[in-house]
Every structure is written in structure tokens, then in C-alpha cells.
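Everything below concerns the one structure shown next.
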Protein chains: 2
Amino acid sequence: MTFKLNPNNDQLSTEELQKLAEMRKRCARRILLSTSLAASGHPGGSLSSLDLLLVTYGIMSHKPTEPLWQERDRVVMSIGHISPGVYSVLSEYGYFTEEDFLTGFRRAGSGFPGHVEKIVPGVEWDTGNLGQGLSTGVGMAMALKLKGASRKVIVYMGDGDLQKGQAAEAMRFAHKYKLNNLMVIVDRNHLQICGSTEEVMPSNIRGLFASCGWNVELLDDGHDYNKVFKKLSAVYNGMSTNPELPTVIIANTIMGKGISFMENLAKYHGSPLKIDQLAQAFAELGVENDFDRWAKLRTRRVSTATLVANKVCYPKIEAGTAVVYDADKKTDCRSAYGTALYELAKANNIPGKAPKIVGISCDLEGSVKMGDFRKHMPEAFLECGIQEHHAAAMAGAISREEMAAFFSTFGVFAVSEVYNQNRLNDINHTNVKVVATHLGLDVGEDGPTHQGIDYIGLMRNYFNFQVFIPADPNQTDRVIRHVATSSGNHFVGMGRSKMGMVLTEDGTPFFGSDYSFTPGKGDWVRRGTAGTIISYGAVTPSVMEAWKQLQDEGISVSVLLMASIAPFDKQSVIEAVHNGGPLLTVEDHHVDTGVGAIVATILADEGLSCRFKRLGVTHYGSSGKPADLYAEQGLDAQGIVEAFKRLM
Amino acid sequence: MTFKLNPNNDQLSTEELQKLAEMRKRCARRILLSTSLAASGHPGGSLSSLDLLLVTYGIMSHKPTEPLWQERDRVVMSIGHISPGVYSVLSEYGYFTEEDFLTGFRRAGSGFPGHVEKIVPGVEWDTGNLGQGLSTGVGMAMALKLKGASRKVIVYMGDGDLQKGQAAEAMRFAHKYKLNNLMVIVDRNHLQICGSTEEVMPSNIRGLFASCGWNVELLDDGHDYNKVFKKLSAVYNGMSTNPELPTVIIANTIMGKGISFMENLAKYHGSPLKIDQLAQAFAELGVENDFDRWAKLRTRRVSTATLVANKVCYPKIEAGTAVVYDADKKTDCRSAYGTALYELAKANNIPGKAPKIVGISCDLEGSVKMGDFRKHMPEAFLECGIQEHHAAAMAGAISREEMAAFFSTFGVFAVSEVYNQNRLNDINHTNVKVVATHLGLDVGEDGPTHQGIDYIGLMRNYFNFQVFIPADPNQTDRVIRHVATSSGNHFVGMGRSKMGMVLTEDGTPFFGSDYSFTPGKGDWVRRGTAGTIISYGAVTPSVMEAWKQLQDEGISVSVLLMASIAPFDKQSVIEAVHNGGPLLTVEDHHVDTGVGAIVATILADEGLSCRFKRLGVTHYGSSGKPADLYAEQGLDAQGIVEAFKRLM
């Protein structure tokens, strides 16, 4: 029978106090044993958080036999390194056995990694990089609010963790959206790896939360069960100064609590006890020293029995009817995106019900064309201010609550600025749709800081993102519908400028009403005999113009557009080589890390050789009109024609 | 004669007031004219900052005829988009002519880009990405303190700008290091692109700065010259509540100030006036409407006459004597880095004088082995807490003040987390030495969030970084001395584990006392006939072991180690192909974006083909011992041997 505390009680009973003391002893033993067995890990913070954790899991709504029970409260460990404490407590509550944990901890392939991951029953989110967990919790709390669910989100943070600037961004967002279903517990042990927080980086945690409009509750002793219970229960029950706002409990704790020679020493943040110290600690705890027995058990093959498989959490979304732009229409892909998103919202976000599609932006609603989406259902649009780190991380969390999260801003901010936040989403198997507008030199006058020329170079380092760059507004419409209706992480990129449609040779839209987008399939928009130009995205009009100029000179080239960057259409590249003639790649992207590099890798992997040239961005662009910037780097029609002719 | 205000005066004279009013009118005209001419840009914030800017340049120490005069105060525009305001004021003060600015603004290749860049005389730093400028100013203020210079640093920030979390990191650092030579001026116009800051993202700017320990000064009217002068002069003169701490002046201003129909409208953040509106505005200002004349002048060829060339700001640093590790020594590259850095410090950081080398870390001093460096000269070591965004950006600014800035932390935090901060350093031609420890699966038990497997994939998107990954502690020593004594941005990466030295076939250190590191040159540590293994970094011991196993089986392969990733040794790859046999690349890095991809690109570019295989990281690593993680992904000796044999 799982231990349970009633948060409506005034205080703990003598029996409950006694049980908690027993649980603490068992958990402290596991924390020390697991880290000494692994000869690595974080015992100090695990012990400082332990009493808070034990009471939290006692109070909250959860079902250890059904970790993903819909009615559970969510716990997010922004301090992912206190995994020994978390696993100890979860095993105490019956999510798995002590043996599972102790034999598996920090062993390759096991279900008990060094930083908490959701392969562990009871863990909601993979964390490890500090400062991101509050954004995750905020995302969950926001999604629960949108769903009308009454559950709570509890985020554990550390005082070092709170030095990351992203935390302040998340605080402001939580205040703006009145996320009173969110409570943060700060394990304020005043120590971080290199010493006291006061020495390493003095921080006024109370002042920071207060300046962001939160309720701040102080807990003077995070190891006194009665005090912990009263404070956590009160906040859990919404009894904060302003019940409409989120609340932080700053709990004074002691690093290494309970082991005399570990207390208040920074070195135990990340150092396990040596064997002789462990014996001493176990003597203090009054528990048997069975280190050798466990060490022997850990020589057995790693068990994978407890591993929680990744569960797809994605809603059924209707694609609606494609919007087809006429042959003579000129518009930008951003507007096509905005229109498609609006149509998707009309088909799937039913007023009065929880939204299936959420839109997230950072003070660029107009530029990224989310205005109509917002108007259709204002509550489904989340304006984050200029806080991209928070926005990206939050988008991931929301997307795991059965919502498609569209996160849109300029390429530099959606990719380059938040690379590591997107990476954590990648690790967490989220369903984020990062739709970046304003990619490449096509950004124009805003200059090099705003010209993202690395979106492929960066995105290719993930394992769980599909990457698409449509060639025109028609293809944009179809790509957006595809990603909206498909689970998993997707990146869709586009430039800023208006463009004409890609047309067939007889002048009809190439991506017309009969076109549907298929990941991993390139589009042969022209078939010629003199060689192939491979391209995508914002330079497409230049490429089509180059095709025409070459055609006028009697040179018939193929044009292969690669909207699908990941997965990539290897077969079409091989086909292009077999068709004969040179291969020329053209892109508004760093010349060494984009599609030119992908094609080169295919050639090398396949042992193919041909005349081959990569055109792309070879130096930072200046501030000017896109056409001038393209001309500067040989990416205009003339530059492409000349490059192709040189290759022949 | 440049206009000058004496900050020691009690108030402005009638003449000064009149002059300021005239200057304002001319500048307001330029702001409107320049943006309408370019049909893009940011007039609104330029007008709200204008009066503050005019007084700032009146008070501060600077020489328009010598923009890089050593005794100047530094001004950093965290709000880089108010370039029309900045250029208008700089032209008013004589840095360049109005014609230079108006004919060049936002034209490709000109000296007047859309966001401020230091190609403009009088501009200290390229900005544009919001939230980074305070870190830049903090870096300059820190460097000036270390140099014992009495100059001030003045940072302009906006209220939207301050939503970025990085700003809070910079505030905490400035407070910790008591940077009372730093003053921030907040242009508090209460508007951002999408509306009022209160609607977009409510922020308590005063509370935020106060919670970070700053002096907060309020200026109720940022357009009243007397009030502006008094407040700015007082703070400039150190008359703050606590003169030991940095000070922020929060100035209430009006977006679009001075043009009746522009005032307090968010749309003018980023929208220029149309021609008819411009006529109306000029009528209000009482100035001639000469738009057509300027528009005609802008049809002429772009002038590059005012462009400021990048000036190398790097000290002369002594390399000292190489430390050579014996053939039987086993240590980690991190320790070799720490030792080399300590030796460099002893040779170049003379106690009592300003340091030439600054060390920067984020709560990981011990892990990155900066302890001895710190002990030698404590003030040259800057502990940033867990605030990597600030640390990376600050490192760039410090490095432009004639100091070599070594920034060290784990790979994930030094590269992935701060990709965009390093990018801004790249754009700014800084002299940062990013030395990342704990790269790759070699991180081990800390798991996927801590395993940086994208350092090459990311760094290759820059244009001004050289990238080196030494093979062993001996090579590490030499690489560190090389980067310390060379100007420009350098990245040096290494794993976590201890390793033996790379040896020649006769058992002596390959990178011994007669070795010196040369960028762009690979090391043929073995010469064989059966093909070539190309590798680098932490997998080197596995590769050398694989070489031995193959050798024992009678297969003689070459081993080519590529410590220099950028620039890369193309010739040696070509040589390897010509030598015959297959090419196998092996790396503790994402398989698609590292050295395997670089080699593939060389093969494709050169039209070479051979049997070729890339070994690398194909999925996120789990949490376990590096050897187990390598084995999981076929990167141990056995996996390498098998892969090579399959290729034959």
C-alpha cells in the first residue's frame, strides 16, 4: 500500500512522522549506496532535497502502478542531477524496486541514468541542463490550464539552477498567464559545485521571484517534516497570498543532510563516498553495510526491464483543404504558413474546447503571420515576449500534453539562439513544430546578426527532428499541413521575401492541387540533360531564372528541389549523377554545412564522382536588399548560370 | 568644434539647451529620412532614445576624430536596432557626415548597417540580438577594472531587450564584481513590436535590477534635457546610493517622441514613415522636405569610404616552455590544459600588473582544471556561476580589450548552450579561446544531456573560429600554447577521461619535445598500405588499439589524426586516397556532422572516390562508462577493426 499524506490535515500524525523517518533512513542509504556503487553521481543535493521529496509524493495525486495516469500531478526536476534522491523516493513509493535502481544506476543501457530521464517510471521529463526545468513545468501547467484539468505541476529547483537567466523568463511567463497550478520548491542548500552560492554568484532568489510577481513562501527548515508538510500542503491547496498566481517555496536545507561529515560541504554535490566513508555513514544511519553484495549484483548483465518506452502524445489533427496559389500569385511563404495555420485552427481548435494546436511566438506575431490564428482562438496563442529560451523549452513541454505546439520566430532566434533548448526537446521526443521565418540572407537589411545561415548545419545534429524547407507558398501550405498532422518534432524554414510560384514548363503551379508532400522525396521540377542544379528554399526563384537563362542558351539542365532536408532524398542524388553532367548545389545557407554538404556525403558514401560544386554563403552578409546580398555571394541567377557553365 | 557638456556643472545653460534643441531637430529629421529612404528600419525607438543619446555623448569622454582613442568611455547599444538614432547622433558629433549616413543606410556593402556594427566610426560592438549587450558592457567594464583604467561603460537597453534572461545573468555578475564603472540607461518607452510591454510581457524592471543588487535611479522624463543632464551627470560622476555598485537609470520615454502622430504607437518600432507621412512630420519639425534629393543620391554607387577595418586587439603573449608527458604517463587532456594555462599565466600575468590572460568559467573550476591559474592571480579568474550565456558573451568583450579570454566549461555548455553568443563573438572578431572539456560520449555517466556530440557540426557554421581537437595531453599542451599566442577566435575541445600518450611505433611520444602544432596540418601517426583511418580526440586510444589489432592480423593501416578541424588538412585526405585502400573516419561526434562529413566533402569537391565509411555517434548515448558507450556505438577498438575489415 502506497504511503499517502492528506494535504487537508492540519498536521502529521505521530505514526506518519515515524514512517517518514523510516523512509528517510532507507532513502538516505540508497542515495549513498547507489552513488558509491556507481563511483559517480550527486549525493549531496539528493540528501538536501530528500525530505521535501518524501512529503511531496505523499501529498500529491499519483499512481505508482500507472505512472502516466491522466489525473496525476506532474513533478519536474529542474535539478536533474539529484537522480539518486528521486529514484530512492520513487522506489520507496513503489514505482520500481530498490534492486532495479541499485543494480542499474549509471550503467550503460540501464533504466536508471545519471540525470533523471523519463525512461524511469515516475519521471516526467529528461533534465540535466540546469535552468530549463521551470520552463518545462510552466509548459505543463499552461497545457493543463488550457485543457481545464485541475492537476498541479511541482517543479524542483536548486539555488545554482536559478542562476540561469532562462528561469527569470519562465517566471515572467508564469506570472503573465496566472499559472496558479504551478508550485516551485527551491532546495536552498546554499552550495554549488565550486562553493557557497554567496561566493560563486550571489543571488537574491526571493527578490527575483517577487520581482516577477510570484507568491514567495519561506520554509525555514526543509528537513522538519511538520513544517514541510504544513507549507507544502498549504500551497498545494492554493492557500497563497494571491491564490491567482504561482507560488515558490524557498526551503532552507542542508547539503548532505543526515550524515555528519557530509553536511554543508560543497564537495558532496558531485562526489560519492569512498568505501570507508560509506561504512561510517551507514553506521551513523544504523543500517547494514551491504555494499559488497550490491557490487557483486552489479557485475550481472544490465537489466532493461523497467525501461519506459517513449509514448506518442499527439492529438488527431485534421489537415483541412489545401490552399492552392495561382500561377501568377506573388506572396511570401510566411503568409502561406499563416493561412495554413489559421485553416488548421479552424478545423481543429473548437471554441469552448481545449485547443489541439497551440501557437507560440516571441513578440513577432505579425512577422510570423500568426495573427489570424490568434484571432480564431486567443487563448491558444501564447505570446512569450522576447524570451526565446523559455518559449522553445515550454513548447516542448506543451507538445507532450497532446497538443501540437507551433513555435515561430525568426530563424536566428528559433534555431541559433535556442539550439540547446530544441536539443532537450529532441531528447524528450516532443511534438514541437518549429516554424522559422526570416531565414538566410533573404532577411536583408537587418544584417548578419539576423541572417540565420546555419539552420541545416544545426538541425542535423539532432536525431529526432525532421527538417523541411519548402520552395514556394504552395509547397509551404502542404508542408505545414503535413507537420501539423504528424507526431514528432518538425522544423519548417522559410525566407522573408515575396516570391512567385514554382511553375511547370507549361506555366501551371508545380505544387498544385494534385501535389502532396512526402518526406524524403525531392521534386524534379525540370528534367534536362546537361546536369542538375539541386536547391531549396528562398533561392528557388534565382534557380528557376538561371534555368531559363541556361535554357535560352541551349543548355538544358535538371532542377531538383529538396524541400525535405531530413530525411533526405538520397536516391534522387544518385539518379542525378547517373543522368550525367555536373551537379551544382545552390542554397541561402553556409556553404559548408547545408545541402551541399549532404549531397557531398552521399557522393562519398556511395563512391560516386562527378563534376560537383557547392554554391552558398561564404561570408557574413551585409545589411541590404536580399537581391544585392545574393549577387554579392554569387547566389543570383547570373552567379548560378556562371557557376554552372564553369562546371561544364 | 564638437559639442561638449561638463558633467560637473549643476545644470545646462540656456545656450546648451538651445543647442540641444537644434541638434534634436536635425537628428529627428535624419532618423525619419534615413528609414524612409531605406524603406525599412526602426524610427520609433530611435526617437525615444534620442535625447538620452545626445546628452550621453555630450557628457562622456570621446574623440570623434579618433574613435578608438584609449581614453574614451565605451557605449554599447544592446538595442542595436536604434541605429538611425545612433548614426544621427554620431554624425551630429562629427564621426562622419550626414551624407555618409543618409546615402549609405541599409545598403548592401555600405558602412551603415541596419543594426549597429563597429564598421561604423564610433560604434564599439556589433549588436542586434537582444539581451546580449549588457554582457558586452559588463565585459568591457570588467576589463577596464582589470587594467586599472578609469573610463566608464554606458549600456543602452530597452524594455523589451530586458526580457531576455541573459540580462539577469549579466546583472548578477556586475554586482558580484562591483562594476561601478558601468551604467545602464534603459529607454523605457513601454512599447515593443507587438504592443505595450505590459500586454506582451509584464516586467518589473526596477525590481529586477534591485533584486540583483544594483543602484536603481528613475528618470521620470527622458526628454527633458535638464532632468536628463542632471541624472546622467550624477551617475556618471559616481553619485549613486552605493558608489561601489553599478547603476541603472530607468528613463521614461515616448516611442516616436516629437512627431505627434507617431508618439506611443508600437507600429513605429519597426516601420518607417511613408512619403506623405514624412512630409507631414517634416512640417511639424519645421525642416525642408528634401527626400527626393536624397533618394536620387542613393541611386549612386554605395560608398565604402567610412568603413572601419577590423583592428586586432591582442596582447603579445609568451608561449613559455612546452610540457612534455612521458610515454608511460596517463592523464587527461583537461589536466594538460590546466597545466599549460597555469604556465602561460606565470609567464604573462605579472602580479601587480593587468593580466594578459583572463580565465572564465561557470561553476566548474575544478572540472576544467583552472584552479592553478586562479591561484596564480585570483583577480584574473572570473567565476560566472551557472550563467553560460553571459559568460560566453562577456568573454568576447573582454577579449577585445587586449586580453586573451579563456572560457572553459563542459562542451554542451561551451558550445551547444551558447551557440548564438559565440556567433556574435564570431561576428565581432573577438579573441576568445573557448576551451571545452567533457566532449562526446566520453562524458560517460552524466548521460545524453551532458554529452556534447555536435561541437564540430556547430562550430563549422562560423567564419572566424579556428577549431582544434588534440589527440592526447602532449598535443593539448602545444595547441593551448598556440591559441594563447595567436589572435582571433579559437575553439579547443577535449574529452573527459584519462588516456595514454600517442606513441610512435618505437614507443616514444609522437607529440614529443620536437613537435610543434601547425593549424591545417594533420598528423600521420602511422603509415601503412592497406588504407587509412582518420580520427581525432577522445577516441584516439581506441583507434591506436585498433591499429595494433589490425597490425597483429597482418593488416597495415595508416592512422591520420586531425587535430586541426578548421582549417582542415585537405591535402592529407587527398594523399590518403592516393595511397590506396579504404578510408575510415572515426569520431566521438554525431556521425553526419563531424570529420566524416568534412572528409566526404573533400572527396566530392575533388571528384575522388574510394571505399569510404564514417563511424561516429548514431544515436544519443546512455548513461554509463565511456568504454561501454563506445562499444554500444561501434567506436571501441573492436568496432573499428570490424568496420575497417568490412571496408576492405
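Everything quoted here is computed from the prediction, not taken from an experiment. A note on names: the letters A, B, ... follow the listed sequences, proteins ahead of strands, and every chain is numbered from 1.
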Between [atom1] of [X] and [atom2] of [Y], what distance do you get to the nearest 0.5 Å?
| X | Y | atom1 | atom2 | value |
| --- | --- | --- | --- | --- |
| B/M201 | A/Y177 | CE | OH | 6.5 Å |
| A/I453 | B/Y462 | CD1 | OH | 11.5 Å |
| B/H115 | A/H450 | NE2 | NE2 | 3.5 Å |
| B/N461 | A/H589 | CG | NE2 | 6.0 Å |
| B/T449 | A/I427 | OG1 | CD1 | 6.0 Å |
| B/S623 | A/I119 | OG | CD1 | 8.5 Å |

Does the pair A/D446 and B/H42 meet the rule for a side-chain contact (heavy atoms from CB on, under 4.5 Å), with working shown?
CA-CA 10 Å; A/D446 276 344; B/H42 301 82; 4.0 Å; yes
Side chain, backbone, both or neither: which part of B/S83 has a non-hydrogen atom closer than 4.5 Å to chain A?
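Answer is neither: B/S83 stays 4.5 Å or more from chain A.
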Counting heavy-atom pairs under 4.5 Å to chain B, which of [options] comes out on top?
| options | result |
| --- | --- |
| A/L130, A/D426, A/V415 | A/D426 |
| A/Q166, A/R460, A/E365 | A/R460 |
| A/L208, A/D126, A/V302 | A/L208 |
| A/I598, A/L458, A/L603, A/D628 | A/L458 |
| A/F410, A/F112, A/F413 | A/F413 |
| A/G594, A/A631, A/G624 | A/G624 |

Part of [X] within contact of chain B (heavy atom distance under 4.5 Å):
| X | result |
| --- | --- |
| A/R611 | neither |
| A/F105 | neither |
| A/E632 | side chain |
| A/L424 | side chain |
| A/H81 | neither |
| A/S361 | neither |
| A/T127 | backbone |
| A/I205 | neither |
| A/Q132 | side chain |
| A/T601 | both |

Pick whichever of [options] has the most heavy-atom pairs under 4.5 Å with chain A.
| options | answer |
| --- | --- |
| B/V412, B/D161, B/I602 | B/V412 |
| B/G207, B/G109, B/G128 | B/G128 |
| B/L608, B/L583, B/T618, B/V617 | B/T618 |
| B/E117, B/E383, B/E199, B/R423 | B/R423 |
| B/C610, B/A168, B/P448 | B/P448 |

Qualifying residue, where the test is side chain to side chain donor-acceptor pair (under 3.5 Å) with B/K164 and the options are A/E169, A/E388, A/H390, A/Q387:
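The side chain to side chain donor-acceptor pair (under 3.5 Å) with B/K164 is passed solely by A/E388 among A/E169, A/E388, A/H390, A/Q387.
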Do [X] and [Y] pair up side chain to side chain, a donor and an acceptor below 3.5 Å, judged on atom types alone?
| X | Y | result |
| --- | --- | --- |
| A/Y620 | B/N464 | no |
| B/S211 | A/N204 | no |
| A/D454 | B/Y419 | yes |

Decide yes or no for A/D605 and B/K613: does some side-chain heavy atom of the first lie under 4.5 Å from some side-chain heavy atom of the second?
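Of all side-chain heavy-atom pairs linking B/K613 with A/D605, none is under 4.5 Å.
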With side chains defined as the heavy atoms from C-beta onward, is the minimum distance between A/Q421 and B/E417 less than 4.5 Å?
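When only atoms from C-beta onward are counted, B/E417 and A/Q421 do touch, with a gap below 4.5 Å.
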Residue pair B/S622 / A/A108: nearest heavy atoms and the distance that separates them:
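Heavy atoms only, the tightest pair is OG-CA, 3.5 Å.
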Minimal non-hydrogen separation, A/Q192 against B/G385, with atom names:
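Result for this residue pair: NE2-CA, 4.4 Å.
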If only atom types and distance count, is the side chain of [X] paired as donor or acceptor with the main-chain N or O of [Y] below 3.5 Å?
| X | Y | result |
| --- | --- | --- |
| A/R172 | B/Q163 | yes |
| A/K176 | B/V200 | yes |
| A/N420 | B/S416 | no |

Under 4.0 Å between a side-chain nitrogen and a carboxylate oxygen: does that hold for B/R107 and A/E445?
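A/E445 and B/R107: not salt-bridged.
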Applying side-chain contact (heavy atoms from CB on, under 4.5 Å) to B/D363 and A/H269, what does each step give before you reach the verdict?
CA-CA 12 Å; B/D363 197 26; A/H269 166 90; over 6 Å; no
Output, in order, the C-alpha distance, side-chain angles, deciding distance and verdict of side-chain contact (heavy atoms from CB on, under 4.5 Å) for B/I386 and A/I193.
CA-CA 10 Å; B/I386 306 169; A/I193 296 177; over 6 Å; no
Tell me, with the steps shown, if B/R106 and A/K625 meet side-chain contact (heavy atoms from CB on, under 4.5 Å).
CA-CA 8 Å; B/R106 287 186 165 236; A/K625 292 192 191 311; over 6 Å; no
Relative to the ring of B/F463, is the ring of A/H590 parallel (under 30°), tilted (30 to 60°) or perpendicular (over 60°)?
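Rings of A/H590 and B/F463: parallel, under 30°.
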